[in-house]
Peer 1: 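Would you mind keeping the following structure in view while I ask a few things?
Nothing here was measured: the structure is a model prediction, and the numbers come from that model.
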Amino acid sequence: MRGGRRLFPLLLLALLPGLCHGREPTPGAVTCGSVLKLLNTRHSVRLHSHEVKYGSGSGQQSVTGVEASDDANSYWRIRGKSDNSCQRGTPVKCGQAIRLTHVNTGKNLHTHHFPSPLSNNQEVSAFGDDGEGDDLDFWIVQCSGTYWEREDAVRFKHVGTEVFLSVTGEQYGHPIRGQREVHGMPAANHHNYWKAMEGVFIKPSLDPAKHDEL
């Protein structure tokens, strides 16, 4: 029995890597520093921004949803609440707070207590300069596992106001005709699921892994 008692811890240690395997980041995890497009799975539009300001509400840079998959204004960079909290190439955990920085204009995805222009939900805008805004730029990634996987549909819950990044289908007219309103909604539902699409995903080794295009 004494030999058996000594052997049991050794057997347990040998099994641990297999038991813990599900918690390890996979090659398909979304990582800090990656640049990607986000598709709303309900309405098939990609999260988008451009140098067009809202004519009401905050007057900040507008955020919309577009059907086109090849629009360069739909790329967003994954960043942490601070640069030290999301090292380049580190997998993003479910429940982690991040910033989404619009690549072409350097503004962060943002929301605040202004009504959205079409649906009267909460306005979502792009705010800040060169990637620096304020504490209303933080969003929690809600997903079911340990890490945000590229194949998963996830939600983004705003830290400051607790709304979910959503699309319900309202369309703008001139000057951004056909683009959909993006807004914040207080309830989690099928209008606020998003999936990582085209982009450049940074591997933990810090080597860029080309997912589709850029």
Peer 1: List in chain and number order the residues that pass ring-ring contact (aromatic ring centres under 6.0 Å, His included) with F114, two or more places apart in sequence or in another chain; answer none if no residue qualifies.
Peer 2: H112

Peer 1: Report, as yes or no, whether the 6.0 Å neighbourhood of atom CD on E51 holds more than 12 heavy atoms from other residues, nucleotides or ligands.
Peer 2: no

Peer 1: Once salt bridge (Lys or Arg N to Asp or Glu O under 4.0 Å) is applied, do any residues pair with R46, and if so which ones, sequence neighbours excluded?
Peer 2: E198

Peer 1: Name all residues meeting the side chain to side chain donor-acceptor pair (under 3.5 Å) criterion together with T161; count only those two or more places apart in sequence or in a different chain, and write none if there are none.
Peer 2: Q122, H158

Peer 1: Can you check whether R77 reaches Y75 side chain to side chain, under 4.5 Å on heavy atoms?
Peer 2: no

Peer 1: For C32, check side-chain contact (heavy atoms from CB on, under 4.5 Å) against everything at least two apart and list the hits.
Peer 2: C86, T90, V92, Q96

Peer 1: Is there side-chain contact between Q61 and H102, with at least one heavy-atom pair below 4.5 Å?
Peer 2: yes

Peer 1: So do the side chains of D137 and L109 get within less than 4.5 Å of each other, counting heavy atoms only?
Peer 2: no

Peer 1: Mind checking what makes side chain to side chain donor-acceptor pair (under 3.5 Å) contact with D152, not counting sequence neighbours?
Peer 2: none

Peer 1: Strictly by ring pair (Phe, Tyr, Trp, His ring centres under 6.0 Å), give each pair with a member in residues 32-69 just once, sequence neighbours left out.
Peer 2: H43-H191, H48-H50

Peer 1: I'd like to check the side chain to side chain donor-acceptor pair (under 3.5 Å) partners of T64; sequence neighbours left out, ordered by chain and number.
Peer 2: Q179

Peer 1: State which residues pass side chain to side chain donor-acceptor pair (under 3.5 Å) with N40; sequence neighbours excluded, sorted by chain then number.
Peer 2: none

Peer 1: With sequence neighbours left out, what residues match R79 under salt bridge (Lys or Arg N to Asp or Glu O under 4.0 Å)?
Peer 2: D83, E132

Peer 1: Only counting residues at least two apart or in another chain, list the ones meeting salt bridge (Lys or Arg N to Asp or Glu O under 4.0 Å) with K195.
Peer 2: E151

Peer 1: What residues form a side-chain contact (heavy atoms from CB on, under 4.5 Å) with N84, not counting sequence neighbours?
Peer 2: S82, Q87

Peer 1: Which ring pair (Phe, Tyr, Trp, His ring centres under 6.0 Å) pairs, counting each pair once, include a residue from residues 160-187, with sequence neighbours left out?
Peer 2: none

